[in-house]
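Remarks on the structure that follows.
Letters go in sequence order (proteins before strands), and every chain restarts at 1.
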Amino acid sequence: MSVNNLLENWAQFRHFHPVDDKPHDPYKWAMSIDLDACTGCNACSVACYAENNLPVVGKEKYQHGHVMHWIRIERYWDESLGVAGGGDFPEQGAQFLPMMCQQCEAAPCETVCPAAATNHTADGLNSQIYNRCVGSRYCSANCPFKVRYFNWYDYPTTDNVWPAEMNQQLNPDVTVRSKGVMEKCTFCVQRLHAAKGTAKNEGRLVHDGDVQTACQQACPTSAITFGNLVDPESKVHKQWQSQQVELDKDAQVKDQKEGGSGLRGYRIFEELRPYPSVMYLERVRESAV
Amino acid sequence: MSQRHLLALFNNFEDAEAAIYELRAADIKGFNFDDLTLKSPIEHHEVESVLGQRSANVQWFSLGGSLLGGLLGFFLISGSQANFYAQMKGGKPIVPFPPNFVLTFEMCVLGGVFITILGFLICAGLPAKRSPLYNAKVSEDQIGVLVKADESAMAKIKGVFLNHQALEIQEEVSK
Amino acid sequence: MKDIREDIAWAQINQDVLKSMESPRKLYWVILFFAFAAFCVGVGCEVYQYQTGMGVANKNNPHAWGLYISTFIFWIGMSHSGTLLSAILHLMHADWRKPIFRFAEALTTFSLMTAGLFVMVHLGRLWQFYYSVPYPDERGLWPNFQSPLLWDAMAIFTYLSSSILFLYIGMIPDLAICRDHLHEGWRKKLYTLLSLGWEGTDRQWRNFRVTYLTIACFLIPLAVSVHSIVAADFAMSQQPGWHVTSFPAYFVAGALYSGCSAIITLFIILRYVFKFEEYMTLPILKKTVRLTFAIAMIWTYLNAVEFASVWYSHDQASKDVLIQKVVGPFAPFWWGMIFCGSVVPLMLAFKRFQTNVPVLFVVSLLLNLGMWLERWMIVAPTFSHGYYPWTWDHDQWPGFVQWGMVFASFGWFTMLFMGFCKVFPSVSMYEVKEMVYHRKLHLKNSETAEQGAH
Amino acid sequence: MRCLLSLFVLLMGLFATVNSYAADAPQPALTTEDSSGPQVVQPIEFPHDRHAGLRNPSDPTNSDPLKGGMEIDCMYCHTYARRSAVAGIPTLQKCIGCHQSIESVRNKPRIQELFKYWDAKKPVPWKKVHDMPDFVRFNHERHIKRFVEQQNRPTQEACGYCHGDVKQMTVARRSKGLTMGWCANCHQKDHPVTAAGGTPVGNQAYWYSFQKPVAGTAGGEVKAQDTNNIKAQGPNDCWQCHK
Amino acid sequence: MIDSGLDRRDFLKVLGWGGAAAALSGCGNTSIEDGKETVVSYVEAADYAIPGIGVYYNSTCAQCDAGCSINGRVREGRVLKLEGNPASAINRGKTCGLGQAGVQHHYNPDRVREPMLRKGDKFETITWDKAYALIAEKLNGAKGEEVAFLSGGVSGHLKVLLGNYLASIGCKNHYVYEALAPAVARAANKKAYGIEMPRFNINKAKVVLSFGADFLGSWVSPVHFSQQYAQFRKGVDGQRGVLIQVESKMTLTGANADRWVPVRPGTEGILALGIINELGMASGDIAAAVKGYDRIRVSKETGVPPGQIDKIAALLKLRSPSLVLAGSAAEGYAHGSQNAAAINLLNHVLGNVGKTIEASSSVTFTQMAPAKGNTAALKSLNDGLAAGKYKVLFSYAANPVFTAPGALKFKDNLAKADFKVSFAHYLDETALQADLVLPLDSALEDWNTQVPEYMAEGAQINIQQPLMEKLHANTRGMGDILLALVKQRRAEEYKSFDDYYAYLRAAMLQNKGALGGGGADDDTFWNDTLTKGIVKLAGSSGALSGKASVVGLTLPAPSAADAQYPLHLIPGVTASLRDGRHANQPWLQESPDPLTTIVWDSWVEIHPKKAAELGIKEGDILEVTSRSGSIKAQAYLFPGIHPDAISVPLGRGHDALGRYAKGYGANPFQILDAVFDQETGELAMHETRVKVSKTGQCVIVVKDEGSAGGKQMGRKIAVSMSTDEVDLSKEV
């Protein structure tokens, strides 16, 4: 009886994640992206198209903002560029930032979906279940990063998206989304599940390096690191630790240090308290020139 | 002795009221005062002082309904949250209070309204069969007094009505 | 001036009101046809959108929501008028509401029905909408009860069903009148069925009164909750410009505001069309107008509160959205909203306009336009100018499908309302009788008192 | 007053039933549990009973096809099931491998049909029987590993959980619901979840594996006694089957 | 991952082809494979071919000439995705976007499927036999010198076979044409270092001063350099590398530089000499030669502030070793070779030669070494065509009708050849002019070997092998075609080879010992080679021999302003579209240009100041007119360009090449003037002068960048810190 269940396990049901939680076990997938290494070459984005069956929407629809890139490369200029008192030329180059779903631990999108099509998984991902989605787009409205992409058209049946032969390239491990469905970066969940399955068959946990996301694998400068945050052996764990970035904080202790901590790790919109799972490492600018 | 219905129509409420007073005072044999029904185009509160306090129980239905709705709301929602094995939201507990209270409130109102309506139908005896004597004037501008009484009391009652300027008196055809 | 003449014969009331339900004139059919045509435009748009995808509405990634949601709020807001007149004023014993509350309630019901359509139209996968309905299913899945959208759905369902019941219950005595005074035909059968055998007995009246009062009590907090929940759709989210504490109050005020102005519009139309000058008198209109003015000022105040709190906050993103509204591409609409919502109602403060029907008609339409703009200004600008500058998009405007659907909603509403007016009495006969009766009693009592004083 | 009372009893009853039914993981009786899916017409009417059916005990050599099957293991032909998410259809080569040396049935029409395909080097266009929607991902490998390899259940039993009693069928036919609730039903039974205190947490929340870490797995390596635990973790989010 | 050791050829043979692709997935009520009734099944299958499990095969990326090794994931007989092969020294398991899109080259719906012969304005389908017979017939009617073969860069056994074929028909006119090859650099490097393409060790340098070398985007071997760049940023001895980019139009590399130095177009050499002068490290005749280039004069001529020159010189002096690169932007002038020589001189002066510039290895089989494409070849071909010298013209892997400068009028000259054979994947502009079009296998269906021009570590031969069965029954591999053609002349010599595969296998086995397979039996060696996808060789290492010399180094003064055509046109080379042969790969069309984020269209980059001067705003359609023609494209206000220059990206503006390329954008090749480098005869791509005018039309620029235009509006999104604030030592 459910009332019994409610009463007996009340404490379990009133448990706040991730604040009340012990560390994730045994997996918490996380990423770190070194902006000093990222050159903005777009290889990650194209690799994502290849891996995750992203439709190419074409010029017309791109113009209307219907593009479906799960990972986009943003190019920023210095704030002082072109304004009074600033320079006319971007003499320090541009800033590139790969932006994809941040797999927030307290994701703003999850709570608002009326159909419960986006939920939190045990390994710390923000799942998007296409077949459950009704297309209210509330998640997208509530996402501060605006990294959720809606299928404004039925791309599988749209001309020249996947014409004959081109459709043979589609990855059978990833569902092709039809119209009216929200989608976003999944951290290549199909690869994660394959790796976990293999590990389970062998009675072990997934080791660091067993699984790579498509963007990570392609990245020519290896700017993207991906792995299990709770595995002390993993590179991503070591990076988060050395950068003193903690998952369930909305402000990092190191940032309160006077004179700066000399560390590069930060998360975007940390102060909004979504606890993103992607840590960026600040770009470094040479002071000598 | 068989009972029959009698309907008297009055032009205004004062006449009807006076007639009822008289009937009540007359204590006619074969006529129980509780068998008197007043039919009017609008509601007359004053009638209660004449007919005596006849109770209305709808509000109890409202109370029960809203309690039921609220309980159902809270437990249905919390219970399903506790059982839906994949509905975990980062940063929120599995059974969160604020949203559940909102929905509990809505269910409370929903239950209240529905059961109140049900209560109204039950208490007012609706939907009802039409009574044997009815005149459309009652829904226009005249007051009707419907009595059920023994055959023997009919004449007396009729007399009372006529005393008070009853416009029309309809009698059930004897069986 | 009196709200209503005390000496109207009751039979006259019946006759006047029932006359409005007689076979319609030719013009009625013409208007109905145009309303239907407008509705068909929407159906066409929806069919197109359903088959092609939401993209045809010209929404995009930052602009996830558009006119559908803003028009949805507009209609939801309008629905609050009925509750205001029938429930709140009922509890406050303001009996001048009696001749006009029936159509206001109909307005509530039909605008809710219109609003409900927009929820459906808005969904990307309309054919799967049942995923967001709580019912025990084979999959063992439930919708997400934490989502404000679900609260919304629940609140609207509750509100709509309660409003329909309230409207219906309040109409039973009138249905009985219709049953008694109309000729044989399908209508008579309908009224016989719907009036549930109402005869106006003391027992029926007694329970009727309690029921009506109780439901009115339920409806008031319900109506407030409905629009605060609609506000919660926004206030609970993180979008800059939405995450505002005063939103619920602001929304409720806005709702009452747009409801009142819609009542003025319909008041004037019905009064003219059905020649209800005896019942929908100018003094009643004046009271309604004064009420509207008061609410307009409350709304203006809450608007100012919102701007002020954003302005003095340290939330740069919200501030940017506000600035964007004032000077950005949305500026004409935003200033339009300020003009229609806060400046135009100032006319209502003048006595000479309070009973000037043509002026009031225009003003009420402007107020409605202002309120529609308000909703749009709440929903759209923050999408074009949200937290993430990279996704700012000032070039995307609603496509013809969205406009078509908005246009059609007015046709749909008109259709429903016109149908209602011809099938059901749009003035409550028994309540007008009560009003006349009480006024007469009152007059008599005061005359007696006067005589006694002599 | 009595009518009020009885009404309340009625309402409370309604409340209790609706609430417990609705909240207590609804698993309505499956209409398809025992009924069969559509009869699929295959290009060759493959007799599963003949291949996988039980031997005729009275005649172990079983020369008469009408008197029983050959008890061939499911995975002898559906060999991919233990290695891949997809069970797959055996290659034509596999059929021919045996049948080219079985002279007794060589002239049967079905076998001749088979050889026609072989000679043309064309695969047999087998029709789908257990066809799931595209967004559902079932992993055969994990189920075989768990039931057959770890728990030593007979293959036919393990496969039969979802595929029904294939050894009785000629052409395979869907005989289980294969709906989501049907899948979840089994998982809830087989992966009972207990709260920290040990009380079973209803029939929900695989998610709780999240909070109850397998002892000592925080590191990369796992102690021997925990390996079974890792192997046994069932699905705990929607993404396990829908991605 | 399963790396198969089995014979790939057998694998392909035994795969029965069900025709139906494996269950593609869909969601809801629409699905590509919705309604498919049949299950995929095989006739025969190797043990490792398991439905539902990807098999990985190594091959070589053919999207550009860098020679990255790829690792293709194949499921149910379909290649799904290409990853990098970690064993390759060139790309070490990484790929660029261009490489990822290789599958779209293969699955492209606009591939040519049948041999086609021109009939009037149209093509009609013919058989291969007929096509071969026709070629034989035409060749019989032409003398050897009347035949020309135009190709892109070729290497490996294909080059050998091609050479043999050309010899068999007596043709000596093999034109190797690559529109964007670093040909000037080769010559300059040869002169300065004695090697055309030495190894540049970006990762060992502490400062990289690059004059327009877009090594992160499109220059020589971008994936390799990107990896080196990542190491360079991590730092040598804990010192993070500093990148200074000197160019007139910001490239991807420029965008990543610590200091981007906008220089007046064409004055790169002057700046290099100015830096040498400022360094004061040179002596002798070098010092004498640069003496005149004092900072004031250099600053005046290049537009670079004197303080900037000081800082660069100081940094170069302080941090050693450094590396100075001369890229295509500095070389695209009539004095391009001089520019490059001046820049290379800087390396000598700084003592980088031998440290960050090292001798590269090359494969010992010189006949397999790549035939290096250049643009001088195009000019001679064009001259020959114009003179009506050629009766038969073959073209392969080059699209000169699209990429030749408009001033050459190549298309008109091409018509003068009687019979033009095009070996083509798609009907591109050149194939459309051909009389006979022969459909080629895609790079993922074909056999080949490839020798990269730029060798990373040691030397390697890359194996290109089919990842799946042919998509279209009637396409053929280039090797197979050449073999068939060569058999027309030398049937005896080649009769033992049934097909190119047999030829390739035999050729490889013949040199088993030299290829590192000594001792292994043939099959083992062959299978091992195919499994690895790479043959690593010791290679012969040339020695750096060049000396610092200023002999013949004369830099012209910056050209005077041209009143009629006031602006320099800089043809932009983007990382994904390059010379336009990939424009039909939709992923690349939709992948935003990193700097402008524009997709699906061409644009004119113009500096905001210049734009304000001319009254141009974003989205205005501009007409760009040179002496050779004019094109129209939308304006994009781009701060990373010299105000005296505009830039239009190359690669778009096709009027053929299929649905994804045709009609998108404008082709700046069309308006290039025919100016050539004085020393090498290479096309001087940056010498075209243009004027812009508004057409009055205006469009919304289709780009990924939002209305905020690349500003963060004070939100902490992409954050940076300076080197004196950061402590890199603690990083993992």
- Please look at Leu595(E) and chain A and tell me whether the side chain, the backbone, both or neither of the residue comes under 4.5 angstrom of a heavy atom of that chain. both
- Query: What residue, out of Ala43(A), Pro220(A), Gly93(A), has the most heavy-atom pairs lying under 4.5 Å from chain E?
  - Reply: Pro220(A)
- Message: Please identify, among Gly87(A), Gly262(A), Ser242(A), the residue contributing the most non-hydrogen atom pairs under 4.5 Å to chain E.
- Response: Gly262(A)
- Task: Could you check which of Gln712(E), Gln227(E), His607(E), Arg233(E) has the highest count of heavy-atom pairs closer than 4.5 Å to chain A?
- Result: Gln712(E)
- Query: Is the shortest side-chain N to carboxylate O distance from Lys311(E) to Glu286(A) below 4.0 Å?
  - Reply: no
- Message: If we ignore hydrogens and angles and just use 3.5 Å, is the side chain of Arg264(A) paired with the main-chain N or O of Glu282(A) as donor and acceptor?
- Response: yes
- Task: Check whether any side-chain heavy atom of Val702(E) lies under 4.5 Å from a side-chain heavy atom of Asp601(E), and answer yes or no.
- Result: no
- Message: Looking at Arg240(E) and Asp36(A), is any side-chain nitrogen of the basic one under 4.0 Å from a carboxylate oxygen of the acidic one?
- Response: yes
- Message: I'd like to know which of Met99(A), Arg72(A), Arg191(A) tops the heavy-atom pair count under 4.5 Å against chain E.
- Response: Arg191(A)
- Will you find, in the side chains of His224(E) and Gln228(E), an N or O donor that is under 3.5 Å from an N or O acceptor? yes
- Query: Does any heavy atom of chain A fall under 4.5 Å from the side chain of Met250(E), the backbone, both, or neither of them?
  - Reply: side chain
- Task: Kindly write out the residues that satisfy ring-ring contact (aromatic ring centres under 6.0 Å, His included) with His105(E), not counting sequence neighbours, or none if the list is empty.
- Result: His425(E), Tyr426(E)
- Is there a donor in the side chain of Arg177(A) and an acceptor in the side chain of Asn151(A), or the other way round, less than 3.5 Å apart? no
- Asn171(A) versus Glu51(A), side-chain donor and acceptor atoms under 3.5 Å: yes
- Quick one: what part of Pro262(E) sits under 4.5 Å from any heavy atom of chain A, side chain, backbone, both or neither? side chain
- Excluding sequence neighbours, so at least two apart, what forms side chain to side chain contact (heavy atoms under 4.5 Å, CB included) with Cys44(A)? Ile71(A), Ile73(A), Cys215(A), Ile224(A)
- Task: Could you look at Ile717(E) and say if it's the side chain, the backbone, both or neither that has a heavy atom under 4.5 Å from chain A?
- Result: both
- Message: If only side-chain N and O atoms count, and only distance matters, is there a donor-acceptor pair under 3.5 Å linking Tyr76(A) with Arg283(A)?
- Response: no
- Note on the structure: Okay, Lys609(E) and chain A: the region with an atom under 4.5 Å from a heavy atom over there is side chain
- Interface residue of largest heavy-atom contact number with chain E, from Leu54(A), Leu81(A), Val67(A), under 4.5 Å: Leu81(A)
- Message: Quick one, Leu281(A) and Val284(A) - any side-chain contact, counting heavy atoms below 4.5 Å?
- Response: no
- Turns out that what part of Arg111(E) lies under 4.5 Å from chain A's heavy atoms comes down to neither
- Note: vs chain E, highest number of non-hydrogen pairs under 4.5 angstrom among Gly65(A), Ala223(A), Cys38(A), Pro90(A) is Pro90(A)
- Query: Side chain, backbone, both or neither: which part of Lys703(E) has a heavy atom under 4.5 Å from chain A?
  - Reply: backbone
- How about Ser261(A) and Gln244(A): do any of their side-chain heavy atoms sit closer than 4.5 Å? no
- Item | Part of Glu60(A) within contact of chain E (heavy atom distance under 4.5 Å) | neither
- Message: Quick check on Phe232(E) against chain A: is it the side chain, the backbone, both or neither that has a heavy atom closer than 4.5 Å?
- Response: neither
- Message: Please classify the contact between Arg659(E) and chain A as side chain, backbone, both or neither, with a heavy-atom cut-off of under 4.5 Å.
- Response: side chain
- Note on the structure: So, the part of Leu80(E) with a heavy atom under 4.5 Å from chain A: the answer is both
- Which answer fits Arg92(E), side chain, backbone, both or neither, if we ask what part of it has an atom under 4.5 Å from a heavy atom of chain A? neither
- Query: Measuring heavy-atom distances to chain A, does Glu725(E) have an atom under 4.5 Å in its side chain, in its backbone, in both, or in neither?
  - Reply: backbone
- Message: Tell me which of these, Gly40(A), Cys133(A), Cys219(A), has more heavy-atom pairs under 4.5 Å with chain E than the rest.
- Response: Cys219(A)
- Query: Side chain, backbone, both or neither: which part of Ala575(E) has a heavy atom under 4.5 Å from chain A?
  - Reply: neither
- At a heavy-atom separation under 4.5 Å, does Val726(E) approach chain A through its side chain, its backbone, both, or neither? both
